[in-house]
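Shown next, in structure tokens, is the structure this report addresses.
We name chains A, B, ... by the order of the sequence lines, and we start the count at 1 in each one.
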Amino acid sequence: MLKIENLTMKFGGVVACSSFNAEVKRGQIVGLIGPNGAGKTTVFNVITGVYKPTEGQITFSPREGEQHRLVGLKPDRIAQLGICRTFQNIRLFGQLSVLDNIFIGNHLRLRSNVFSSVLRLPGYTAEEREIYEKSMYLLEKIGLQDFRNEKASSLPYGMQRRLEMARALATNPKLLLLDEPAAGMNPQETNELIGFIQEIKEEFDLTIFLIEHHMEVIMEISEKIYVLDHGVLIAEGSPGEVQRNEKVIEAYLGVG
Amino acid sequence: MGNLSLFLQHLTNGISLGSLYALIAIGYTMVYGILRLINFAHGDIFMLGVYLTYFGILYTAIPWWLMFIIGPALTGVVGLLLERVAYKPLRDSPRITILISAIGASFLLQNLGIVLFGGRPRAFPVPHILNHVVKVRGVSINVITFIIPVVTILLLIGLNYFITKTKTGMAMRALSRDYETASLMGIDINRIISVTFFMGSFLAAVGGIMWGARYPQLMPLMGVMPGLKSFIAAVVGGIGNIAGAVAGGFLLGLGEIMLVALLPRLTGYRDAFAFVVLIIILLFKPAGLMGSTQTEKV
Amino acid sequence: MRDKRRTDLIALAALVCTVVVLLLANRYLDDYKIRIINLSGIYVTLGLSMNLINGFTGLFSLGHAGFMAVGAYTVALLTMPIPMKEMNFFFQPIVPWLANVEVGFLPALLAAGLISAFLGVLIGAPVLRLRDDYLAIATLGFAEIIRVVFTNTQSLTNGALGLKGIPNYTNTWWSWGVAFFTIWFVSFLIRGSYGKAFMAIREDEVAAEAMGINLFKHKVLSFAFASFFAGIAGGLLASLLGTIDPNMFRITLTFNILLIVVLGGLGRIAGTVVAAVIVTVMMEALRFLDESINLGFIQLKGIPGMRMVVFSIILILVVLLRKEGLFTRLKGRESSYAEN
Ligand SMILES: Nc1ncnc2c1ncn2[C@@H]1O[C@H](COP(=O)(O)OP(=O)(O)O)[C@@H](O)[C@H]1O
Ligand SMILES: [Mg+2]
């Protein structure tokens, strides 16, 4: 579904990621781990078009027989193709309501034009009603229906993370990129999160690419794991293989 | 007078106007580099610099050459205070609020100028040694057109020394390269920003005095157009980049003078020239001539 | 939703009240006061137009004076009777394709809005792709260029002499009719999905783009609407004053609108409407600060520029102390959705 070939990203002198190769297969949950500053978020930023890579190719196939080269596309186009993400340092629409945040996630699938939205033509209102119902459904799914009119920035941290996921789901992605979804969560919340990720994967028929520091999350739900250190891929394989890999242990211990 | 000497005259005019734009542009670019703020009031600080010096010369016993230093220093203090009062409290607010504050400050200075100094133009008392015409090989040129680039170059050398060799200067550069990291490294941001505003305003005031000597008509709104054009110079050169601001200043100054000289029919469009250049640069080289595209960290 | 119904009811009540007030005003008030009422309506349109781009979309545009100039000249040149044009253009004759044109007010206003929107897209397109704060300088520059161009295109605009004898079509019904149209348009736009996308861009461009919102398209859209309404307001103003010249459309004009937007609150509709009226009235009421007034027994000396000093200070204070604007509750409101 997603194929990253020979990806290199330099910022001035800093090489955030060099000659990285990876593949995410349809229906998988794939993990990306590595110490802080290893270049994980950079990989996500390149996939979603926020950064243009110095070198490399990324191909995305939302459906069998359909191929898109992502390098050079704008982030909004990539989202429309079916890749959506969350951010490591949460980026909600802070002053807008919780419900609006999700509502906006649907905007890219809107068919009506701006004039029918202002005139509230039947075509538009029908669409809006659908979006509203879908948004409410997603809100319930993350358990925030009672907070729907609160400002997004006023929510506690954990809820903001869930809201970001719901907002991403609202775009109808095929591939979901989660950047440290469990950051700052306690063990119980983390456990719930694992269940939640597996649940949405089934329900929305998702493929998931996941960055995480909580090893229990990564080890429990990923089928395959890539390990980055200083921008270089040092290991890949099943959770068991990666856990036993000496380089990985060293990289983590080295950073301490 | 041959065509060549006429051309040389235009050239010197262009260079001296360019120097003035460069001096003002530096203030824009330094502030923008650190705070990502278009200091709309900078052009009015320039105006204030001229007026402060003017009143100092006319109404105090301070000799004019000393006033040419005291005036800019006072202006620098005003610039510093402006930042403290109108910008600092908004540093963490949405960018648009601080821009609005800057526009408000600009209007405040302009209209305070009208209230305090009167709306009608005043003549700047230019000392004779700065303002007389000499003939060089048949080309008559006012000495001020020579003095302006020379003073500008001296100031640039000083500025370059300051930002590359002194601790404060290096901190300034670090802050403009990576605000977050620099602030974590224990740099006293408030002090650096104050120094930046002081220096930017000082340079603008020096530019203002020379402007007054060159075009000796003072008006409270005299800072608006030079201010806008200098900001454009900073953008054209690559905002945040001091060398770029200087290059942009010279480019605009020369371009403007040459436009009027070579295509006199377009004289009426003189003030539009800079904006046309701006649009063209933004279209084809958005980071400016010397700017580098920085990717915002996400 | 109940909240939405209530807002609509309040809007309806405001509409009815305005109609009644206008009826009474036209009957009992003198020309000067009627003119202030007209100006208020025009400033409501201008304030909302600027708030759409600056407040809701989070872009900083300072080109309103330019768009107003475009609208004003469009309406003036399209509605002015043919003999009047000949009288105006005594210095240099008007371009032939405009010499024999005279259309009604409504088509002229529409043309004003459309030409202005077109120019908005033309200027916005190169700039809106870039860092958003370049927009401020580019639009400011655009407004200046428009002024310079209009001063120099003698046979099109009559240059610095300006135009006189523009038919006075603007009355309270026109100015407030357009104001209510703008209120309706902006409110419904903001309620809908596109308006929310605008606000998402304001809140976080990176996140908005990651959610599939085409930044460029939406920014241009918002900018085009804002220019459209600014152009129409300029046309109303030309027809109200009867005389225009390029120097009317200086940045001070834009500053007044910005003041309204800031006082009313960025991204607030009702606040903007209230602020537009208050600022317009204050602009007139505080004229004494600038001009000398003779009270018969005593001559009070005004200080030119004092009025703008007061307004600049108000602007800065509001930005520093009360970012939400002066007239808004600080509590969030419930959003409204279709049929729910
Ligand atoms: N926009 C940017 N400009 C400069 N350096 C960057 C930028 N984005 C990331 N980096 C650098 O790239 C490296 C990898 O960062 P990142 O991908 O965020 O790591 P991780 O997510 O694995 O912690 C870091 O050294 C970081 O400073
Ligand atoms: Mg990261």
*Give a yes or no on this: more than 12 heavy atoms of other residues, nucleotides or ligands lie within 6.0 Å of atom CZ of Phe118(C).*
no

*Proximal component of Thr171(A), with respect to chain C [non-hydrogen, under 4.5 Å]*: side chain

*Heavy-atom pairs under 4.5 Å with chain C are the metric here; pick the option from Arg77(A), His107(A), Glu150(A), Arg85(A) that has the most.*
His107(A)

_Side chain / backbone / both / neither for Leu221(C) at chain A, heavy atoms under 4.5 Å_ = side chain

*Backbone N or O of Leu96(A) within a donor-acceptor pair of the Glu203(C) side chain at under 3.5 Å?*
no

*Where do Ser193(C) and Tyr124(A) land on the side chain to side chain contact (heavy atoms under 4.5 Å, CB included) test, with the steps shown first?*
CA-CA 9 Å; Ser193(C) 195; Tyr124(A) 173 79; 3.5 Å; yes

*asked:* Let's go through Val118(A) and Tyr194(C) carefully: what are the C-alpha distance in whole Å and the side-chain angles of both, what is the deciding distance for side chain to side chain contact (heavy atoms under 4.5 Å, CB included) to 0.1 Å, and is it a yes or a no?
replied: CA-CA 9 Å; Val118(A) 174; Tyr194(C) 285 88; over 6 Å; no

*Ala210(C) to Ala79(A) - nearest heavy-atom pair and separation*: O-CB, 3.3 Å

*If you take all heavy atoms of Gln80(A) and Gly212(C), which pair is closest and at what distance?*
NE2-O, 3.2 Å

*Nearest 0.5 Å, what's the OG-NZ distance between Ser97(A) and Lys196(C)?*
6.5 Å

*asked:* Please classify the contact of Val206(C) with chain A as side chain, backbone, both or neither, using a heavy-atom distance under 4.5 Å.
replied: both

_When you compare the side chain of Asp76(A) with that of Asn214(C), does any pair of heavy atoms fall below 4.5 Å?_
yes

*Would a 4.5 Å heavy-atom cut-off, applied to side chains only, mark Ile104(A) and Ile213(C) as touching?*
yes

*asked:* For the interface with chain C, which of Leu119(A), Ile131(A), Asn113(A), Ile78(A) has the highest count of heavy-atom pairs at distances below 4.5 Å?
replied: Asn113(A)

*Taking every non-hydrogen atom, the tightest pair across Asp204(C) and Phe93(A)*: O-CE2, 3.8 Å

*Going from CD on Gln95(A) to CZ on Arg202(C), what distance comes out if it is rounded to the nearest 0.5 angstrom?*
7.0 Å

*Side chain from CB out, backbone as N, CA, C, O: work out which of these in Ser112(A) comes under 4.5 Å of a heavy atom of chain C, or both, or neither.*
backbone

_Side chain to side chain, Lys74(A) and Glu209(C), heavy atoms closer than 4.5 Å_ = yes

_Does Lys201(A) have more than 12 heavy atoms from other residues, nucleotides or ligands lying within 6.0 Å of its NZ?_
yes

